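Quantities reported herein were computed from a predicted structural model and do not represent experimental measurements. When a residue number appears, it is its place in the shown sequence, counting from 1. Whatever order the structure lists them in is the order used to number ligands and atoms, beginning at 1.
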Amino acid sequence: MNLIQGLVIEREAQFIGVYQLDEKKVYRGVPRGKVKKSDKIWAGDYVYGTLTEDGTFAIERIKERKNLLLRPRIANVDRAIVVVSLKEPDFQNYLLDNLLVIYAKEGISTVIVFNKIDLLSQEDFDELKQWEEIYKKVGYDVLKVSAVTGEGIEALISYLQGEICVLAGPSGVGKSALLSKITGVKLKSGQISRKTKRGKHTSRGVKLIPFGNNSFVGDSPGFSKVEASLWMDKKEIKDYFPEFQGYSCRFPDCTHTTEPDCGVKEAVKKGEIACVRYKSYLKMQKVFLEELKEWCD
Ligand SMILES: Nc1nc2c(ncn2[C@@H]2O[C@H](COP(=O)(O)OP(=O)(O)OP(=O)(O)O)[C@@H](O)[C@H]2O)c(=O)[nH]1
Ligand SMILES: [Mg+2]
Ligand SMILES: [Zn+2]
């Protein structure tokens, strides 16, 4: 049997939308044989199958996934576009830092996008510049855009070629607005969550929107609070702060909190590691360090 490849771009209740990459057309996917358990298929899954006479895509096989995001359920995510804003809503670096840790653990490359720059005063831009420098120094790409004026959108699109991307970030920062700008598809805010007819259960239909040359982008509902420590062992978190790597400490299992002769703490003291980032780390560890006051204001 000659199997063709498709990508699941829509997953809602019992519906599976399979995008045929060559034709750029969506078929209703019907799991067959070994893949009968349809609930194990997610948006972002690459599937192999055949086109049937009644115009459905008979799914014979699912490609092994490289990752699976939980919120929203999207598989094989290449890149997370973490959208934040300096104003409306106010920037919360702790929330951003938690998201960065989670994506780093999943092996997903991340770009930080400050949206709503049309709202900023000169003073705000000065503040934004400081945040930009902090995250760039850590190694993240930082983009400044406006979904309203379109500024910076071209640069953002150039990041997303041939990839499965997901927009994530706090509520109200303009993720859905940016998605519309990128793909040209008009979306209502909050469209992602819909009540099912059964009433009691809320289903979260997930959709990847195709654009450009086989690029796909998915929206996600806004987060109001994210704690990396709920996703992984607290001890692991230090591995996902890129700027902590390469320093040596007296104890090989140093948590970079209360231990003496800690290379990371020394680096914070010397200003090599940003205080705000280290403070986020301590908060994730639920550790309060009195001595921090001496080096960080
Ligand atoms: N001034 C300005 N307003 C924007 C911009 N982008 C989005 N907005 C507005 O911000 C509000 C929230 O935008 P959404 O796109 O719904 O935000 P969201 O991140 O998808 O929010 P959730 O779905 O709740 O997580 C809307 O009123 C948008 O019109 C922007 O670049 N500039
Ligand atoms: Mg939205
Ligand atoms: Zn240490």
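In summary, the atoms of ligand 1 found under 4.0 Å from a heavy atom of Gly222, numbered by their order in the structure, are 25 (O). Listed by number with element, the atoms of ligand 1 under 4.0 Å from a non-hydrogen atom of Ala177 are 6 (N), 7 (C), 15 (O). Annotation for ligand 1: atoms under 4.0 Å from non-hydrogen atoms of Val148 are 1 (N), 2 (C), 3 (N), 4 (C), 5 (C), 30 (C), 31 (O), 32 (N). Counting atoms of ligand 1 from 1 in the listed order, those under 4.0 Å from a heavy atom of Val173 are 17 (O), 19 (O). Residue contact check: Ser171 has heavy atoms under 4.0 Å from atoms 24 (O), 25 (O) of ligand 1.
The residue from Lys181, Glu88, Lys175 that puts a heavy atom closest to atom 18 (P) of ligand 1 is Lys175.
Here the NE2-NZ distance, from His256 to Lys238, works out to 5.5 Å after rounding to the nearest 0.5 Å.
Here the options are Lys129, Lys136, Lys137, the test is salt bridge (Lys or Arg N to Asp or Glu O under 4.0 Å), and the partner is Glu133; only Lys129 passes.
The six-membered or imidazole ring of Tyr281 lies near that of Phe244, with a centre-to-centre distance under 6.0 Å. Aromatic pair Tyr19/Phe216: ring centres closer than 6.0 Å. Checked against the 6.0 Å centroid criterion, the rings of Phe91 and Phe114 qualify as a close aromatic pair.
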For this session: Give the C-alpha distance, both sets of side-chain angles, the deciding distance and a yes or no for side-chain contact (heavy atoms from CB on, under 4.5 Å) between Cys262 and Arg250.
Result: CA-CA 6 Å; Cys262 167; Arg250 187 201 295 183; over 6 Å; no
For this session: Kindly indicate, with the supporting measurements, whether the criterion side-chain contact (heavy atoms from CB on, under 4.5 Å) is fulfilled by Leu289 and Thr258.
Result: CA-CA 7 Å; Leu289 272 193; Thr258 54; 3.9 Å; yes
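By the criterion of a heavy-atom distance under 4.0 Å, the side chain of Asn115, and not its backbone, is placed next to ligand 1. Contact annotation for Leu119 and ligand 1: only side-chain heavy atoms (C-beta onward) come within less than 4.0 Å of the ligand.
With Thr110 contributing its side chain and Leu100 its backbone, the two residues share no donor-acceptor pair below 3.5 Å.
For ligand 1, the polar-atom distance check against Pro221 finds no nitrogen or oxygen pair separated by under 3.5 Å. Backbone and side-chain nitrogen or oxygen atoms of Gly174 are examined, and one is located within less than 3.5 angstrom of a nitrogen or oxygen of ligand 1. For a threshold of 3.5 Å applied to N or O pairs, the pair formed by Asp219 and ligand 1 contains no separation below that value.
Seen from the Zn ion (ligand 3), atom ND1 of His256 and atom SG of Cys254 lie 110° apart in angle, a value rounded to 10°. Between SG of Cys262 and SG of Cys249, the angle at the Zn ion (ligand 3) works out to 120°, rounded to 10 degrees.
Because the distance cut-off is set at 2.8 Å, Ser176 qualifies as a neighbour of the Mg ion (ligand 2) through one of its N, O or S atoms.
Linking Ile, Leu, Val, Met, Phe, Trp and Tyr residues whenever their side-chain heavy atoms come within less than 4.5 Å leaves Val148 and Leu120 in two separate clusters.
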